[in-house]
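Accompanying notes for the structure given below.
This structure is a prediction, so every number in the text was calculated from the model and none was measured. The analysis underlying the following values was restricted to heavy atoms, covering all of them including side chains, and did not include hydrogens, waters or symmetry mates. In this chain, numbering begins with 1 at the start of the sequence shown.
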Amino acid sequence: MIQKILEKLASLLDILFPYHCPGCDRTTDAPCCQKCFKKISPQPFFHKDNRISLFDYNQEIIKKMIWKIKWENGFYEALMLIKKAEKIIADLGDLLDIKNKEKIILIPLPQSKKRLKKRGYNQTELIAKALCKLKPDNYLINHKILYKKEDIRPQTELELKTKRIKNIIDAFYLKNEEQTKKQISDKNVIIIDDVTTTGATLCEALKEINKARPKIVIGLALAG
Ligand SMILES: [Zn+2]
């Protein structure tokens, strides 16, 4: 009898507090407990080639939350981080002249079909969805513009920076350049990535999108 009550209590606690805080490892009702989450702050960094990262990837909590986004479909982790960086993202909106009332087109950095099938979802799409949830009037996701070739090795498998850069050259393509021009020419576009390190991946994606002549295109990564 007592055993059964304890089991029920444990499952109830799992429902109420389904997360382990990446900072203190205590069970919590959010992807990170409030106490630990207060300790982190966005550290926006403007990299060269129109790339911006919101958080410092060297922060342990950020690293763990991004791991969840990447491997455990962590939408709420993405949402929590996006909310935390809301002010910076709003400033970015000013930069992109959001006041013209036209929605900014979000392009989640694509994965190869093989990779997508293996993982079951695209983590950059989770981040884009988090942005849309926060400001539905400002953004529109379009994941049918940019595609990734099938034979590209995951960048994480390559240690050397030079090999990473070489690996990703021409890794992306527009399905239909003329069609894409109609969709994004003279519009503001943000390509979404999870982590930008060498910048090679985002730069290749930016290069491809630029062929369709958007008004402004930037690469936004959650961390860098
Ligand atoms: Zn904590």
Side-chain angles (χ1 to χ4, degrees), residues 42 44-55 69 75 78-79 81-113 115-116 121-149 152 155 168-224:
F45 194 85
F46 290 78
H47 306 260
K48 59 181 167 85
D49 309 312
N50 277 15
R51 289 177 298 122
I52 297 156
S53 55
L54 298 170
F55 292 91
I69 295 168
F75 173 71
L79 191 60
L81 290 174
I82 287 292
K83 272 186 184 165
K84 185 99 178 176
E86 194 175 355
K87 174 82 178 66
I88 297 149
I89 294 164
D91 290 347
L92 212 59
D94 290 342
L95 190 79
L96 292 174
D97 195 20
I98 187 93
K99 288 185 195 79
N100 69 8
K101 299 281 180 224
E102 197 161 15
K103 286 187 178 184
I104 295 174
I105 299 169
L106 301 180
I107 301 181
L109 202 75
Q111 294 185 341
S112 65
K113 278 182 196 149
R115 184 92 168 163
L116 197 59
Y121 68 98
N122 181 357
Q123 77 272 18
T124 62
E125 203 164 322
L126 293 187
I127 302 165
K129 280 180 182 167
L131 261 166
C132 280
K133 191 167 172 68
L134 196 67
K135 295 273 177 206
D137 295 338
N138 292 5
Y139 304 107
L140 189 74
I141 300 175
N142 193 329
H143 50 77
K144 288 184 177 165
I145 287 178
L146 191 67
Y147 292 84
K148 192 174 183 185
K149 290 177 186 167
I152 310 293
Q155 291 289 80
I168 207 76
I169 288 175
D170 294 330
F172 301 100
Y173 63 97
L174 302 174
K175 196 168 189 182
N176 181 325
E177 203 169 315
E178 285 312 306
Q179 185 68 28
T180 307
K181 269 183 192 161
K182 281 181 198 157
Q183 288 171 303
I184 67 169
S185 78
D186 219 27
K187 301 235 167 81
N188 290 317
V189 178
I190 302 180
I191 303 174
I192 307 283
D193 199 2
D194 49 3
V195 182
T196 182
T197 48
T198 64
T201 310
L202 262 182
C203 282
E204 281 302 311
L206 286 163
K207 182 182 85 182
E208 212 54 37
I209 288 298
N210 265 320
K211 288 181 185 170
R213 311 220 178 280
K215 190 175 177 186
I216 300 173
V217 56
I218 59 165
L220 178 70
L222 210 45

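Considering only residues two or more places apart in sequence or on other chains, Lys87 meets the salt bridge (Lys or Arg N to Asp or Glu O under 4.0 Å) condition with Asp91. Checked against ring-ring contact (aromatic ring centres under 6.0 Å, His included), His47 has the following partners two or more places apart in sequence or in another chain: Phe45. The salt bridge (Lys or Arg N to Asp or Glu O under 4.0 Å) check on Lys83 picks up nothing, with sequence neighbours excluded. With sequence neighbours left out, the salt bridge (Lys or Arg N to Asp or Glu O under 4.0 Å) criterion links Lys181 to Glu178. With sequence neighbours left out, Lys133 forms a side chain to side chain donor-acceptor pair (under 3.5 Å) with no residue at all.
Thr196 and Ala221 make their closest contact through CG2-CB, 3.6 Å (heavy atoms, listed as atom of the first residue, atom of the second, distance). Across Ala130 and Phe75, no two heavy atoms sit closer than the pair N-CE1, 3.6 Å. Shortest non-hydrogen contact noted between Ile152 and Lys149 is CG1-O, 3.7 Å.
Pairs of residues two or more places apart, or lying in two chains, that qualify as side chain to side chain donor-acceptor pair (under 3.5 Å) and include a residue from residues 197-214 are Arg164-Thr197, Asp170-Lys207, Glu204-Lys207, Glu208-Lys211.
Checked by atom type and distance alone, the side chain of Arg115 never pairs as donor or acceptor with a backbone atom of Ser112 at under 3.5 Å. A donor-acceptor distance shorter than 3.5 angstrom exists from the side chain of Asn50 to the backbone of Val217, with no hydrogens or angles considered. A donor-acceptor pair is defined here as one N or O able to donate and one able to accept, closer than 3.5 Å; no such pair exists between the side chain of Asp193 and the backbone of Gly219. At least one donor-acceptor pair under 3.5 Å links the side chain of Asn122 to the backbone N or O of Thr124.
Taken from OH in Tyr139 to CG in Leu106, the straight-line distance is 7.0 Å, to the nearest 0.5 Å.
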